[in-house]
*Asks:* 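Below you will find the structure I want to go over with you.
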Amino acid sequence: MLLVGKSIFPPSFLSPAPLAARRLRLTGTTTRLHMDAGDQSPEEVYSVWALPPEPVRARLRGVMAGLRAAHGGPAFEPHATVVGAIRLRRSAAVEALRAAAAGVRPYTARVVGVARGDFFYQCVYLLLEPTPEVVEASDHCCGHFGYERSTPYMPHVSLLYGDLTDEEKEVARKKVEEIDKEICGLQFEISELALYMTDTEDKSLESWELVEICHLERK
């Protein structure tokens, strides 16, 4: 069970849904997909993702497709989780995202390795350098959402979701480096934060939904 303001899931928990399936024309600072006057919606599970720029996402999608072809698993949009899974009403989640994004400037992320994890949503991933600006962006956003971490923040970009054996995970990890030999050291700017509805019980990701994108402004 998830608690408001506190999640039982680790902060590095990543929750994706295919953004490509929801291609948008972005206007202004914020892209709004769902706006309800007088929100009567039930509480749902939401996460905040940092989105790499489209050329980088396209590159990562290619790597991810190669992994799924070999090991299965659901498709999802490349991202780094900034705020882990938390249960809120939609209007409160959207408001928190906008308030948080207003205080974050575009920042740089850098891949420092390919790793494997211990559970479905952290099967094989790119480990990001935990620079002060990367960690502070997450801390700032978590504060607006009332999200409390149970473990230190580990910024990363998941490439594969699945329940694989350690041996299979290692094969997948090595495959990443075979598909994209220069992925370690990849550096890119984060200038968009996205709010996703991410039911953590749904491992098919079919119910996961992009709610809103906020564009970070340089001042």
*Asks:* What heavy-atom pair brings R218 and R105 nearest, and what distance separates the two atoms?
*Replies:*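 That would be CA-CD, 4.3 Å.
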*Asks:* So which heavy atom on C142 is nearest to which on V83, and how close?
*Replies:*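 Taking C142 first and V83 second, the nearest heavy atoms are N-CG2, 3.8 Å.
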*Asks:* Check this for me: D166, atom CG, are more than 12 non-hydrogen atoms of other residues, nucleotides or ligands nearer than 6.0 Å?
*Replies:*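 More than 12 within 6.0 Å, yes.
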*Asks:* List the residues meeting side-chain contact (heavy atoms from CB on, under 4.5 Å) with P53, not counting sequence neighbours, and say none if there are none.
*Replies:* P55, V56, F188
*Asks:* Give me the one residue out of E129, E189, E133 that meets salt bridge (Lys or Arg N to Asp or Glu O under 4.0 Å) with R110.
*Replies:*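 Per the salt bridge (Lys or Arg N to Asp or Glu O under 4.0 Å) rule, the option paired with R110 is E129, out of E129, E189, E133.
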*Asks:* Please determine whether the number of non-hydrogen atoms from other residues, nucleotides or ligands lying under 6.0 Å from atom CD of E95 exceeds 12.
*Replies:*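 No - once you tally the heavy atoms of other residues, nucleotides and ligands closer than 6.0 Å, there are 12 at most.
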*Asks:* Search all heavy atoms of G66 against all heavy atoms of I179 and return the closest pair with its distance.
*Replies:* CA-CD1, 4.1 Å
*Asks:* Does P52 offer a backbone N or O that forms a donor-acceptor pair with the side chain of R57 under 3.5 Å?
*Replies:* yes
*Asks:* When you look at NZ of K169, are more than 12 heavy atoms from neighbouring residues, nucleotides or ligands closer to it than 6.0 Å?
*Replies:* yes
*Asks:* Please report the shortest heavy-atom distance between V45 and T200, naming the atom on each side.
*Replies:* CG1-CG2, 4.3 Å
*Asks:* Please work out whether the ring planes of Y161 and F76 are parallel, tilted or perpendicular, with thresholds of 30° and 60°.
*Replies:* parallel
*Asks:* How close do G113 and C184 get, counting heavy atoms only, and between which atoms?
*Replies:* CA-SG, 3.8 Å
*Asks:* Under 3.5 Å, is there a donor-acceptor pair between the side chain of T81 and the main chain of S47?
*Replies:* no
*Asks:* What is the minimum heavy-atom distance between V124 and A172, and which atoms define it?
*Replies:*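 Taking V124 first and A172 second, the nearest heavy atoms are CG2-CB, 3.8 Å.
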*Asks:* Between E44 and R90, does at least one N-O distance fall below 4.0 Å, as a salt bridge requires?
*Replies:*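 No salt bridge links E44 with R90.
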